Amino acid sequence: MPKEKPGIPKGTRDFNPLEIARREMIFSQIRRVFELHGFRPIETPAMENLSTLMGKYGEEGDRLIFRILNSGDFPARVSDEEWQSRDAARLSARICDKALRYDLTVPFARFVVQHQHQISFPFRRYQIQPVWRADRPQKGRYREFVQCDADVIGSDSLVNEAGFMQIIDEVFSSLGLNVEIRINNRKILAGLADYIGHPDRMEIITTAIDKIEKIGMDEVCNELLEQGLNHDAIEKLKPVLLLPGTNASKLEALSGLLQGNQAGMQGIAEIREVLDIVAVTPTDCELTFDLTLARGLNYYTGAIIEVRALDVPMGSICGGGRYDNLTGIFGLEGVSGIGISFGADRIYDVMISLGLFPDAPGIYSQLLAVNFGPRERDYCLPLLSQLRAGGVRCEMYPGFAKVKKQLQYADKNGIPFVLMAGEEEMKSQLYSLKNMQSGEQKTLPASGVIEELAREGG
RNA sequence: GUGGCUGUAGCUCAGUAGGUUAGAGCAUCAGAUUGUGGUUCUGAGGGUCGUGGGUUCGAGUCCCAUUAGCCACCCCA
């Protein structure tokens, strides 16, 4: 029998203790800031009904949803004709009722509608859980990754938008990352589409101009041409997208152009108000109004936000926006919400490449008791209990290995103190305590050991 | 879904114009007089060279297929 090679699905990862410690550092900062802003945690299941997810992320999104094959005799429910059709989308809908969650926003919308009678609005929740996408993995792209979402639902006040700017600023400051927050507004993009005479082509226009930075203006124009926009429209659009200057001057110029366009002017007014509110509080991050920011997720209706690391090329590490009617699809109309999502895994990757993690943030025992034999072991165990009662992490080496081996174990696991007690120590009711960093060794009574560990900041 | 690159020990890689028993470093384990680690020294285990076919007297090396991983596009955290 050939042995099975160990492995995990591509795009997924194992995390060792050091990586966990570092990831936990990111999660705890994000959690701390969310809670400081009054958000409260919820959790939802890893899997949702497939129907809950389908159609919420656009055509591309549907394809990237991980489906879960039904249990039992699922083929019996499928006709021969359906099998023969070989239509993946149709078939999967017949043999899969469930799917892994693709993001946290749609499950949250479902949660809100389902529990609307227990929720008082506006509702501020946060959620830190993994999501899954059947994407082809590459740098900064995983098939399983953790999103850290915060949303306010049931309030259309722009204070929320400003609040999220604040949160983003605080999270990245606390992690020591330099970032640029970019903000735009879907209403401005709608106004722009209208302005160039293609009000119905907003989706195409936005996804095209989103690529300006990547492929350049010329390529974007080519793409728009291919999509059926005429020359005049594109020529009209060009100078707008290249508007130079500060946030204020860009907004000024834009409001001149979009005069009389209701959606556009409203978008401009919204951005201005958000910027004004943000200006009241001090922020570290760059906050730029960027007309070319056009996030694809099709449920955004107002503000759209994206954050990028300044010192490392990486996709967006945080994104979000306002959605006016996400709960509508589940039957709760007229509830506006806004939320953001931190991509913990990308933040981790950025911090690794910048070397921002402290050297040894791991959690390990502070003391190892060397195990000389049954009597010596039983002599030490009560002291270990006492130490733990005082909050000192400690452990007894299992089994009676050579002392050399036991010390090696302490060394490799970064355990700073080793407790040794054999014949001699037991006779005089003492313990030998070795400091692994200095090599220094003291012989002390139990109380002395406890004091020493307390002094070392256990 | 489309394209490019790669696949030799647990890990990182060497491997020369195809030629004998495929190497190194790290890691692991064991020893250097039996209660003292991190340094050093010695030794050991571990590979059907991703898989399948082909060319050849002979293939880790050349050709084809297949598979896995990485990178880019698409889209996104």
Side-chain angles (χ1 to χ4, degrees), chain A residues 2 5-13 26 30 57-65 88-89 102-105 128-149 168 203 206-208 210-211 214-215 219 223 294-298 300 304-309 313-321 339-350 368-373 376 397 400-426 431-441 443:
Chain A
K5 276 181 231 137
I8 53 177
K10 67 175 159 189
T12 66
R13 293 148 301 155
I26 294 170
I30 292 173
Y57 310 105
E59 208 175 309
E60 179 74 6
D62 283 353
R63 241 194 37 198
L64 299 180
I65 293 171
Y102 178 88
D103 72 355
L104 299 178
T105 306
I128 299 177
Q129 291 193 275
V131 303
W132 294 268
R133 295 185 185 176
D135 216 344
R136 188 169 288 197
Q138 53 185 277
K139 193 158 204 71
R141 170 168 309 179
Y142 305 100
R143 290 181 136 184
E144 177 184 60
F145 60 98
V146 176
Q147 289 194 323
C148 311
D149 275 37
I168 292 168
E203 284 295 327
T206 54
T207 50
D210 194 31
K211 297 177 200 162
K214 211 168 192 175
I215 62 178
E219 279 298 309
E223 202 168 313
R295 292 174 56 75
L297 276 180
N298 51 13
Y300 291 130
I304 43 185
I305 301 158
E306 192 163 294
V307 183
R308 286 186 310 189
M314 174 69 70
S316 75
I317 55 178
C318 176
I340 55 167
S341 178
F342 289 88
D345 301 81
R346 284 187 176 175
I347 293 172
Y348 177 94
D349 289 346
V350 168
L368 172 79
V370 170
N371 195 340
F372 286 110
E376 293 86 345
Y397 190 90
F400 314 125
K402 288 180 179 167
V403 172
K404 177 190 172 95
K405 173 124 180 136
Q406 300 194 37
L407 287 177
Q408 252 170 19
Y409 171 86
D411 191 54
K412 281 177 188 162
N413 288 282
I415 300 173
F417 287 96
V418 169
L419 187 74
M420 283 177 285
E423 292 283 337
E424 287 301 306
E425 287 89 345
M426 283 166 69
Y431 299 85
S432 290
L433 182 68
K434 181 181 173 87
N435 180 324
M436 293 295 278
Q437 269 129 45
S438 63
E440 174 191 9
Q441 189 165 322
T443 301

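Quick note: numbers below take in every heavy atom, side chains included, and nothing from hydrogens, waters or symmetry partners. The structure presented is a predicted model; accordingly, all values stated were derived computationally and were not measured. By convention in this document, chain letters (A, B, ...) are assigned in the order of the sequence lines, proteins followed by strands, and residues within each chain are numbered from 1.
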A:Q138 has a side chain; which of B:C70, B:C73, B:C75 sits nearest to it?
B:C73
Expressed as a whole number of Å, how far does the P atom of B:U36 sit from that of B:U21?
47 Å
Looking just at side-chain N and O atoms, do A:T12 and A:E144 make a donor-acceptor pair shorter than 3.5 Å?
no
How would you label the contact of A:G439 with the nucleic acid (heavy atoms, under 4.0 Å): base, sugar-phosphate, or nothing?
base
With nearest nucleotides of RNA chain B determined for A:R141 and A:I8 from heavy-atom distances, which residue corresponds to the more 5′ nucleotide?
A:I8
Stacking between A:F342 and the base of B:A77 (centre distance under 5.5 Å, interplanar angle under 30°)?
no
Tell me which nucleotide among B:G35, B:G1, B:A77 gets nearest to the side chain of A:S316.
B:A77
Pick the C1' atom in B:A59 and in B:C41, then give their distance to the nearest Å.
40 Å
In whole Å, what separates the C1' atom of B:G1 from that of B:A17?
42 Å
Among the nucleotides B:C74, B:A77, B:G31, which one has an atom lying closest to any side-chain atom of A:E60?
B:C74
Looking at every strand, decide which applies to A:C318 at a 4.0 Å heavy-atom threshold: base, sugar-phosphate, or nothing.
sugar-phosphate
Under 4.0 angstrom between A:K211 side-chain N/O and B:C73 OP1 or OP2
no
Given B:U36, B:A77, B:G35, which nucleotide is nearest the side-chain atoms of A:S341?
B:A77
At under 4.0 Å between heavy atoms, what does A:G61 touch on the DNA or RNA strands: base, sugar-phosphate, or nothing?
nothing
A:K404 side chain near B:U36 phosphate (N/O to OP1/OP2, under 4.0 Å):
no
Nearest-nucleotide check on RNA chain B, A:D411 vs A:D135; residue mapping nearer the 5' end is A:D411
Measuring from the side chain of A:R133 (C-beta onward, heavy atoms only), which nucleotide among B:C76, B:A72, B:C74 has the closest atom?
B:C76
Taking atom P in both B:G37 and B:U33, what distance in whole Å separates the two?
11 Å
Please determine, for the side chain of A:K405, which listed nucleotide (B:G35, B:C29, B:U36) has the closest atom?
B:C29
Please give the distance between the P atoms of B:A9 and B:G23 as a whole number of Å.
14 Å
Span that lies between the P atom of B:A65 and that of B:C70, in whole angstrom
23 Å
Is A:Q406 touching bases, backbone alone, or none of the nucleic acid, heavy atoms closer than 4.0 Å?
nothing
Measuring only the P atom in each nucleotide, how far is B:G47 from B:C11? A whole number of Å is fine.
13 Å
Have a look at A:Q437 and say if it touches a base, only the backbone sugar-phosphate, or nothing, with a 4.0 Å heavy-atom cut-off.
base
Is the distance from OP1 or OP2 of B:A27 to the nearest side-chain N or O of A:K412 less than 4.0 Å?
no
Rounded to whole angstrom, note down the C1' distance from B:U61 over to B:G54.
15 Å
Remember a base hit wins even if backbone is also touched, and classify A:G319 as base, sugar-phosphate or nothing at under 4.0 Å, heavy atoms.
sugar-phosphate
Look at the side chain of A:R136 and decide which nucleotide, out of B:G1, B:A77, B:U36, has an atom nearest to it.
B:G1
Looking for any heavy atom pair under 4.0 Å, which part of the strands does A:F372 touch: base, sugar-phosphate only, or nothing?
base
A:D103, A:D62, A:T105 screened by side-chain hydrogen bond (donor to acceptor under 3.5 Å, both in side chains) with A:Y57, the one that passes
A:D103
